[in-house]
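Counting from 1, the numbers follow the sequence of the chain as shown.
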Amino acid sequence: MTVPLPCYSCVEVEAHPERIDRVHRILAAHLARWTLDRQITPVCAGVRELLANVAEHAGDGTAVIELIWTGRHLIASVADQDHRPPRPLGPERGGLARVAALSDGWGSCGTPDGGKVVWFCRRVETAEGQPLVWPAPVSVLRESRPGPGSGPVPALLGPPARGAARPPLARPPLARRPLATRCA
């Protein structure tokens with residue numbers, strides 16, 4: 001089984017209508033790099049709608065766009081400094097109704113600094129693109145230690161005879177073992 005490697009992109013932009021085409025090219029480049037070419041049109045259209053909302057409703061017009069690819073889901077979010085929650089309007093007005101039509105789900109939440117994040121998610125078919133996998137783990141131990149079960153367990157040797165001393169433990173108890181102070 002291969003575990004997909006999550007991919008992440010974060011871009012801070014000014015949400016002006018003349019800059020939306022540049023944002024489209026940036027997002028398209030990230031999605032193409034992640035071999036998600038079929039997602040470029042719907043994701044960029046959804047982000048375009050969210051940026052248009054920021055340009056129209058938010059005061060300063062600055063937005064942070066994040067893309068997260070988990071190997072199964074592609075999540076796009078746009079954060080701004082406006083504290084007002086988004087309001088879905090009818091499909092004829094576009095906005096969040098269009099984002100909902102382009103995605104499998106969407107939502108919003110407040111941020112600690114008083115702004116909000118509006119996000120949407122798309123399920124991606126597994127046949128699209130090559131799977132990204134985690135690299136092989138690198139060992140950071142300088143010495144090997146016997147693992148649990150590497151020696152006899154005193155409890156399984158049988159009960160001690162009356163008056164006989166218990167056999168010593170194979171390792172010191174957990175509380176007495178020295179702790180590692182740093183990793184290589």
Side-chain angles (χ1 to χ4, degrees), residues 1-138 140 183:
M1 180 175 112
T2 59
V3 178
L5 177 68
C7 298
Y8 177 79
S9 171
C10 180
V11 180
E12 184 172 351
V13 298
E14 291 182 32
H16 294 289
E18 63 271 5
R19 298 197 185 238
I20 291 178
D21 287 335
R22 179 179 293 169
V23 171
H24 176 85
R25 288 191 301 271
I26 292 169
L27 297 180
H30 283 289
L31 294 170
R33 179 172 167 83
W34 299 341
T35 64
L36 297 170
D37 297 323
R38 294 188 328 201
Q39 301 300 317
I40 291 173
T41 301
V43 169
C44 289
V47 171
R48 179 183 297 267
E49 290 292 334
L50 296 179
L51 282 178
N53 285 350
V54 172
E56 182 179 343
H57 301 292
D60 66 356
T62 302
V64 176
I65 303 168
E66 292 179 299
L67 289 178
I68 303 168
W69 164 235
T70 66
R72 184 176 227 170
H73 295 95
L74 181 59
I75 304 161
S77 68
V78 176
D80 62 36
Q81 296 301 315
D82 189 13
H83 67 279
R84 295 172 292 180
R87 290 185 330 213
L89 302 173
E92 67 279 353
R93 296 261 330 254
L96 294 175
R98 180 164 177 172
V99 170
L102 292 168
S103 65
D104 293 314
W106 71 275
S108 68
C109 60
T111 61
D113 60 353
K116 70 175 172 301
V117 176
V118 182
W119 57 268
F120 64 92
C121 179
R122 289 182 53 85
R123 241 177 278 125
V124 179
E125 298 298 322
T126 57
E128 184 172 346
Q130 296 291 333
L132 300 170
V133 296
W134 290 101
V138 178
V140 295
C183 294

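Inter-residue side-chain proximity for Val13 and Ile20 is flagged as unmet; no heavy-atom pair is nearer than 4.5 Å. Looking at heavy atoms from C-beta onward, Arg72 lies out of side-chain contact with Val124 at the 4.5 angstrom threshold. Side-chain atoms of Asn53 and Val118, non-hydrogen and from C-beta on, never get closer than 4.5 Å to each other.
Looking at Arg84, its side chain does come within 3.5 Å of a backbone N or O of His57 through a donor-acceptor pair. Between the side chain of Arg122 and the main chain of Leu102, a donor-acceptor pair closer than 3.5 Å is present.
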**Item:** From CA spacing to verdict: side-chain contact (heavy atoms from CB on, under 4.5 Å), Leu27, Val23
**Value:** CA-CA 6 Å; Leu27 297 180; Val23 171; 4.0 Å; yes
**Request:** Evaluate the criterion side-chain contact (heavy atoms from CB on, under 4.5 Å) for residue pair Val78 and Val54; output intermediate values, then yes/no.
**Result:** CA-CA 9 Å; Val78 176; Val54 172; 3.9 Å; yes
**Request:** Step by step, work out the side-chain contact (heavy atoms from CB on, under 4.5 Å) result for Val64 and Cys10.
**Result:** CA-CA 7 Å; Val64 176; Cys10 180; 3.5 Å; yes
**Message:** Working note: Leu67 + Val43, criterion side-chain contact (heavy atoms from CB on, under 4.5 Å); need CA distance, chi angles, decisive distance, verdict.
**Reply:** CA-CA 9 Å; Leu67 289 178; Val43 169; 4.0 Å; yes
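Here the closest non-hydrogen pair linking Gln39 and Leu31 is O-CD1, 4.0 Å. The two residues Trp34 and Tyr8 have their closest heavy-atom pair at CZ2-N, 3.7 Å. In plain terms, the two heavy atoms of Trp119 and Ser77 that are nearest each other are CB-CB, 3.7 Å. Heavy atoms only, all atoms of each residue included: Leu96 and Pro86 are closest at CD1-CB, 3.3 Å. Between Ser103 and Cys121, the closest heavy-atom pair is CB-O, 3.4 Å. Between Ser9 and Val11 the shortest heavy-atom distance is OG-CG2, 4.2 Å.
Applying the salt bridge (charged side-chain N to carboxylate O under 4.0 Å, His left out) definition to pairs two or more places apart or across chains, those involving residues 106-116 are Asp80-Lys116, Asp82-Lys116.
To the nearest 0.5 angstrom, Trp106 atom CH2 is 12.5 Å from Glu49 atom CD. Separating the CZ atom in Arg25 from the SG atom in Cys44 is a distance of 11.0 Å, to the nearest 0.5 Å. Between the CG atom of Leu51 and the NE2 atom of His16 there is a distance of 11.0 Å, given to the nearest 0.5 Å. Rounded to the nearest 0.5 Å, atoms CH2 (Trp69) and SG (Cys7) are 8.5 Å apart.
In this view, His24 satisfies the side chain to side chain donor-acceptor pair (under 3.5 Å) rule with no residue, not counting sequence neighbours.
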